[in-house]
Amino acid sequence: MSVTTETTIPGYTTGTWTIDPVHSEIGFSVRHMMVSKVRGKFTSFQGEIVTADDPGDSTVFAAIDLSSIDTGNVDRDNHIRSADFFEVDTYKTMTFRSTGLRADRDGYVLDGDLTLKGVTKPVSLHLELGGFGPDPYGNTRAGFTATGEIKRSDFGVDFNAVMETGGVVGSDKVSLNLEIEAVLQS
């Protein structure tokens with residue numbers, strides 16, 4: 001089911017929006033040594049959201065600077081930037097380009113293509129609309145929460161070490177958690 005003009009979204013505003021990186025976060029978590037989760041985020045990214053008259057025709061594009069990874073540990077971050085993982089000397093950015101928006105029982109699903117290390121795969125994100133409204137400075141803002149999962153091996157990010165117990169140091173599954181605030185440009 002796609003989103004249509006028959007869907008009522010309180011305060012819905014059409015236009016072109018720029019992602020506000022100061023008030024947004026692109027985060028993730030990965031199970032570590034099969035017992036806990038390591039969380040991280042990217043600190044440098046940009047993006048554009050275009051909300052159409054028919055919400056189902058809206059689009060999203062985001063580019064993430066892979067070198068901006070921050071897991072709270074410099075040695076781990078440098079290893080993730082290396083050829084074992086992101087290979088940031090060759091692949092500077094990860095991108096997401098939406099291919100569709102559809103209604104779901106708990107909100108919406110944003111479908112798109114994620115490109116990482118030169119590999120493009122479809123990814124679906126569960127999308128929750130935070131709302132649309134004015135800020136104290138005369139701008140109009142919109143907020144979104146998006147969650148999803150990817151398998152890092154699907155993108156050629158498959159470095160791992162096997163533990164004595166048979167488990168692996170880092171899981172293949174990566175949980176994504178995005179908190180996005182955008183500012184209306186036009």
Side-chain angles (χ1 to χ4, degrees), residues 1-31 37-66 68-72 93-116 120-152 154-155 171 173-186:
M1 175 175 162
S2 63
V3 180
T4 66
T5 51
E6 295 171 8
T7 302
T8 303
I9 301 171
Y12 184 78
T13 304
T14 61
T16 301
W17 307 74
T18 301
I19 293 175
D20 177 358
V22 174
H23 296 101
S24 299
E25 183 173 278
I26 297 177
F28 62 90
S29 65
V30 177
R31 186 149 307 276
K37 289 185 179 179
V38 170
R39 298 182 192 290
K41 63 183 177 179
F42 294 95
T43 60
S44 179
F45 51 87
Q46 59 186 350
E48 179 179 271
I49 300 164
V50 177
T51 50
D53 289 334
D54 180 337
D57 294 332
S58 299
T59 61
V60 175
F61 175 78
I64 301 156
D65 177 356
L66 290 172
S68 74
I69 191 164
D70 180 0
T71 65
T93 60
M94 171 174 42
T95 61
F96 177 83
R97 183 176 307 278
S98 65
T99 58
L101 178 68
R102 53 193 162 95
D104 186 49
R105 59 185 148 84
D106 297 329
Y108 303 93
V109 175
L110 179 65
D111 296 312
D113 291 327
L114 181 69
T115 301
L116 174 61
T120 302
K121 296 281 185 181
V123 171
S124 295
L125 301 172
H126 297 279
L127 182 67
E128 177 185 329
L129 300 177
F132 296 83
D135 69 15
Y137 308 104
N139 299 306
T140 302
R141 293 187 175 260
F144 309 91
T145 298
T147 58
E149 292 180 354
I150 62 170
K151 287 177 57 177
R152 61 186 177 91
D154 286 347
F155 298 92
S171 70
K173 181 177 83 171
V174 179
S175 297
L176 308 173
N177 186 20
L178 293 78
E179 293 293 336
I180 303 297
E181 189 171 308
V183 181
L184 183 63
Q185 301 300 306
S186 62

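When reading the values below, keep in mind they use all heavy atoms of this one structure, side chains included, and skip hydrogens, waters and symmetry mates.
- For Asp113, there are no salt bridge (Lys or Arg N to Asp or Glu O under 4.0 Å) partners two or more places apart in sequence or in a different chain.
- One N or O on the side chain of Thr43 and one on the backbone of Ser68 form a donor-acceptor pair closer than 3.5 Å.
- Taking CD1 of Ile69 as the start and CD1 of Ile64 as the end, the distance is 10.5 Å to the nearest 0.5 Å.
- A donor-acceptor pair under 3.5 Å is formed between the side chain of Thr51 and the backbone N or O of Thr13.
- Using modelled atom types and a 3.5 Å distance limit, the side chains of Ser58 and Tyr12 yield a donor-acceptor pair.
- Here the shortest heavy-atom pairing between Phe61 and Arg97 reads CE1-NH2, 3.3 Å.
- Taking CG of Asp20 as the start and CG of Asp135 as the end, the distance is 9.5 Å to the nearest 0.5 Å.
- Residue Asp65 holds its CG atom at 8.0 Å from OG1 of Thr93, rounded to the nearest 0.5 Å.
- In this structure, Lys121 and Asp154 approach most closely via the heavy-atom pair CE-O, 3.5 Å.
- By the neighbour-count criterion of 12 heavy atoms within 6.0 Å, atom CD of Glu25 is densely surrounded, having more than that number from other residues, nucleotides or ligands.
- In this structure, the side chain of Ser124 does not engage the main chain of Asp111 through any donor-acceptor pair within 3.5 Å.
- The CG atom of Leu125 sits 11.0 Å away from the CG atom of Leu101 when rounded to the nearest 0.5 Å.
- Nearest heavy-atom pair, Val183 versus Gln185, reported as atom, atom and distance to 0.1 Å: O-NE2, 3.1 Å.
- Taking both residues in full, the closest heavy atoms of Leu114 and Phe155 are given as O-CE2, 3.4 Å, listed atom of the first, atom of the second, then distance.
- For Phe144 and Trp17, the ring centers are positioned 6.0 Å apart or more.
- Thr71 contributes atom OG1, which lies 6.5 Å from atom CZ of Phe28 (distance to the nearest 0.5 angstrom).
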Please step through side chain to side chain contact (heavy atoms under 4.5 Å, CB included) for the pair Phe132 and Leu184, ending with a clear verdict.
CA-CA 10 Å; Phe132 296 83; Leu184 183 63; over 6 Å; no

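- Considering all non-hydrogen atoms of both residues, Arg31 and Lys37 come closest at NH2-CE, 3.4 Å.
- No donor-acceptor distance shorter than 3.5 angstrom exists from the side chain of Ser98 to the backbone of Gly112, with no hydrogens or angles considered.
- At a threshold of 4.5 Å between non-hydrogen side-chain atoms, the residues Pro55 and Tyr108 do not count as touching.
- Here the side chains of Asn177 and Thr145 are in contact, with some heavy-atom distance below 4.5 Å.
- Distance check: Ser29 OG to Arg39 CZ gives 5.0 Å after rounding to the nearest 0.5 Å.
- The two residues Ile49 and Ala182 come nearest to each other via the heavy atoms CD1-CB, 4.0 Å.
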